[in-house]
Amino acid sequence: MANDNGVGGLTLDSDDEAALLRPLAFAEGAGLTLALWVVLARALSGHPWTARDVSAFRDRAGELLVETQTPAGAAYRLRARTDRSCERQTQQAVTSALLAEVPSDGDGGRRDWSAAAPYIVDHLAAHAAAAGVLDEVLEDAEYLVHAAPRGLLRALNIPGSSQGRVRRSIYRASVHVHATASPAERRDILAIDAARHGETGLARELSRGRPWRPRWATGTMVHPALRFTRTGLGVDAVACTVLDGRPHAVTGCYDSTVRVWDLVDGTERLVITEDDGVYALDCIEIQGRPHVVTGTCSGGLRVWDLDTGAERFALKGHKGWIRAVGCTVIDGRPHAVTAGEDCLVRLWDLVDGSERARMPGHTEEVRAVAFAEVAGRPVAVTGGYDNTVRLWDLEDGAERAVLTGHTSAVYSVACTVIDGIPHAITGSGGERAARVWCLTDGSERAVLGGHTSWISTVSCVDLDGRPHVLTAGGDCTVRVWDLTGGTERAVLTGHQGYVDVLACTEIEGRPYAVSGGHSASPRVWDLGDAVLPAARKGHTGTVQAVAAVKIDGRPHVVTGGDTTIRAWDLADGAERRTLPHGHRVEALACTTVDGSPYAAVGGCCGAARVWDLAAGTGLRNLTGSDHRVESVAWADVNGRPRAVTSDQDRTVRVWDLDEDGERPLLTDRTRSAVRAMESVTVDGRPHLLTGSEDAALRLWRLTRKGRRVTATVHTGHHWIRALAGTVLDGRPHALTVGGGNDTAVQVWDLTDGTLRSTLPGHPSGVLAVACTTRDDRTDAITVDGSGTVHVWDLASARLREKVALPTRAQCVTAAGPDLVIGMGDDVVVLERSR
């Protein structure tokens, strides 16, 4: 072993040198600082090395090392990769040593991750994953908050224990949001995602030190199969390929870009600029190099080298929009089949760019292409706006079959083999089911029903050795079907826009899918986890309205989304009622009439109804026009609460629940459509407050006769999106939210119509507002498009607190001291931390 000659010299034998080099063999990133090098040298060898020992060895072994300057100081790693024998055991020792280096916060013995060395924050996950103990590390909620997101996300892709699956899913659910957030914001987001997964205990841990914490949340939009979501523009085309041995996605977009990004961590490798929007593409290898073929909306068709981003050549001949591009190999040579607005299907040789065949037959625009082998010959299968699916022989260009049965445009085609027979799966724009076709005889073999809207994209994949197909479209879900049995195996939720594109690939032997759309950020899914259930049930469409009311003496939350109204126990989130409205819910208001809780609900197509929430029965249909009901409210009319509706046709109707007639009690036409309503008291009398598309705030006295609009305030907003009423300093006030990207909330004194203050500085347009009173203080609650809840002291117009959300919210209300938020399809209840 080492000998010190007393004058600073160090004599090492070969075992000593190996012991000092071994920590560097396992170093991640730029390497180890001197302090951590010493710690790991001791841990791996059991010898009490000193900083002096390691420094002396560093100076002598300089030719073996790479030194990098980092913010934490000089870091060292080996110049050449060396032996990593006994890796798992070694990584366990490294992980334990690094954990021991995290200081204690002095409060209950917790690790103070905010004070941990940068290397530990950045790379502990990699060591723990290699040691097989990452899930144990994830049990520390504070680590989730402080770990470097990129390093942890990559480590999470290494399979772990079933017990750790939930925490992995929680971290991944919104990593695209919290990866660049502050620790405080990451706390909020992770806590809400924990609640969405039903892990309320973890949610409380994560909310430590924050002013608000989630009491409960629904989890319709989270799923354990999600690996990450790539933020930014939507995508209009996607394909998968392998670059430098790593799986990548290639996406095309209406912004004229083609982006190449790593499917493991989402990092962007390459951006190619086209001359117009890219709506079709596919990848293939040409002469040993990865390429992509892109089609644009102006008819451009080009082949690009994905290693360099250089254009190989252009394929000229199409006229109009290119909607379909598919790549295949024929006789050992790469080819592309393209089609689009000119109704022609063309076959191209991608080695020299020559056109090999031109295949007419479709009578309208062609939208999709896929490939199969039928009777030993390569075929292309295409679908289009003429409602047909056509088979083309790629050796002679002849049309082999026309498959009919769709009643609307065929948007997508994918091919696979079922029980040894080639099949095609097609999705249609006007149908809610995918069709399965036998390509040998042209017969329709199955119909896969389950979607609630059109199917715009399909993609085939093998799962557990059986052929499956993924389908997606207008209902924002991705569904996984077993084609052998024709059964639905999973529904992948979370997209907040229509899903237009799908592609499947494999990462380290596991099947993955990429999904996205024009208005939906692309998501990456591990299909090996697709059959695992989502955390909780709930709405399957955007929650458009929230309200609070007591049912049987207990406070409840009432939410309107998709085509249902749901009542939830405020205390524990138990779903008490699901009431079918029949049309998309747009507006909701609750009140108590003679001790019974009622909800007035409005929706599209003029559908409005009053529900008895205790009995779960419809009390009365409010028959108006066929126009959308923009807003609903309850107002005092002659001492009785009445339901009020405002329609898109600029009509306000007041309904008497004591009468059986279909006619409203009062009807009034307005100058512009009323977008928001609230019941207020002014000068001791009940009024209805309305906000309209002409940006006017109006007070109404709802009586059977006499002047109804008693005051009008012109706000200066472009239009009024939402409003809330409250009392401030003993005087009635209204808070107004403007439409568009209006980032300021106005506060109006309703006694004299003056503007008292504004709540400025929201980073994006405000979407909703509510008020709550606590400890004799009135707070305003606002949510904006950035996915942030703002809490304001209304008297001083001062921002008090902010809560970061995993995704954008569209509505908010106060339920006593709690906040109820509609966030996408999910409902979140926040309570003040004690």
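None of the values given here were measured: they were computed from a predicted structure.
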TODO: Could you tell me whether the side chain of S833 reaches within less than 4.5 Å of the side chain of P211, counting heavy atoms only?
DONE: no
TODO: Could you pull out all residues at least two apart from W719 that satisfy ring-ring contact (aromatic ring centres under 6.0 Å, His included)?
DONE: none
Task: Residue pairs fulfilling side-chain hydrogen bond (donor to acceptor under 3.5 Å, both in side chains) with at least one residue in residues 759-779, sequence neighbours excluded - done: H762-T782, R777-D779, D779-R800
TODO: May I have all residue pairs that pass salt bridge (charged side-chain N to carboxylate O under 4.0 Å, His left out) and include part of residues 780-791, sequence neighbours excluded?
DONE: none
Open item on the list: Do I821 and L830 make a side-chain contact, defined as non-hydrogen atoms from C-beta onward lying under 4.5 Å apart?
Closed with: yes
- [ ] Tell me, please, which residues at least two apart from T813 pass side chain to side chain donor-acceptor pair (under 3.5 Å).
- [x] none
TODO: Would you check if V652 and T670 make a side-chain contact, meaning some heavy-atom pair closer than 4.5 Å?
DONE: yes
Open item on the list: For D683, I'd like to know if atom CG has over 12 heavy atoms of other residues, nucleotides or ligands within 6.0 Å.
Closed with: no
TODO: Quick one: list whatever passes side-chain contact (heavy atoms from CB on, under 4.5 Å) with V682, sequence neighbours left out.
DONE: V680, H687, L699, P732, L750
Open item on the list: Is there a side-chain contact between R111 and D105 in this structure, where contact means two heavy atoms from C-beta onward sitting under 4.5 Å apart?
Closed with: no
- [ ] Quick one: sort the H583 and H581 rings into parallel, tilted or perpendicular, breaks at 30° and 60°.
- [x] perpendicular
TODO: Verify, without hydrogens or angle tests, whether D647 (side chain) and R650 (backbone) share a donor-acceptor contact under 3.5 angstrom.
DONE: no
List the atom pairs, donor and acceptor, that lie under 3.5 Å between side-chain atoms in residues 172-181 and the rest of the protein, sequence neighbours left out.
| from | atom 1 | to | atom 2 | distance (Å) |
| --- | --- | --- | --- | --- |
| R172 | NH2 | L156 | O | 2.4 |
| S174 | OG | D193 | OD2 | 2.6 |
| H178 | NE2 | Y171 | O | 3.0 |

- [ ] With sequence neighbours left out, write down each residue that passes side-chain contact (heavy atoms from CB on, under 4.5 Å) with R808, or none if nothing qualifies.
- [x] L767
Open item on the list: So, using side-chain contact (heavy atoms from CB on, under 4.5 Å) as the criterion, who are the partners of Q810 when residues are at least two apart?
Closed with: T542, V543
Task: R675 side, atom CZ; S631 side, atom OG - distance, nearest 0.5 Å - done: 9.0 Å
Task: Side-chain heavy-atom pair W655, T645 within 4.5 angstrom cut-off - done: yes
Open item on the list: Using the ring-ring contact (aromatic ring centres under 6.0 Å, His included) criterion, which residues pair with Y598? Sequence neighbours excluded.
Closed with: none
Open item on the list: I want to check something: taking the side chain as every heavy atom from C-beta on, are L226 and R523 in contact at a cut-off of under 4.5 Å?
Closed with: yes
Task: For D729, all residues meeting side chain to side chain donor-acceptor pair (under 3.5 Å), sequence neighbours excluded - done: R756
Task: Minimum-distance pair of heavy atoms, taken over all atoms of A804 and I192 - done: O-CD1, 3.8 Å
TODO: Side-chain contact test, heavy atoms from C-beta onward, threshold under 4.5 Å: evaluate it for W216 versus V827 and give yes or no.
DONE: yes
- [ ] Looking only at non-hydrogen atoms, find the nearest pair between W113 and D140 and report the distance.
- [x] NE1-OD2, 2.9 Å
Going by atom type alone, with no hydrogens or angles, which donor-acceptor pairs under 3.5 Å involve a side-chain atom of residues 546-560 and a protein atom two or more places apart or on another chain?
| from | atom 1 | to | atom 2 | distance (Å) |
| --- | --- | --- | --- | --- |
| D552 | OD2 | R576 | NH1 | 3.3 |
| D552 | OD2 | R576 | NH2 | 2.2 |
| R554 | NE | D569 | OD2 | 2.8 |
| R554 | NH2 | D569 | OD1 | 3.2 |
| R554 | NH2 | D569 | OD2 | 2.9 |
| H556 | ND1 | R554 | O | 2.8 |
| T559 | OG1 | H539 | NE2 | 2.7 |
| T559 | OG1 | R566 | O | 3.4 |
| T559 | OG1 | W568 | NE1 | 3.0 |

Task: side-chain contact (heavy atoms from CB on, under 4.5 Å) involving T681 - partner list, sequence neighbours excluded - done: none
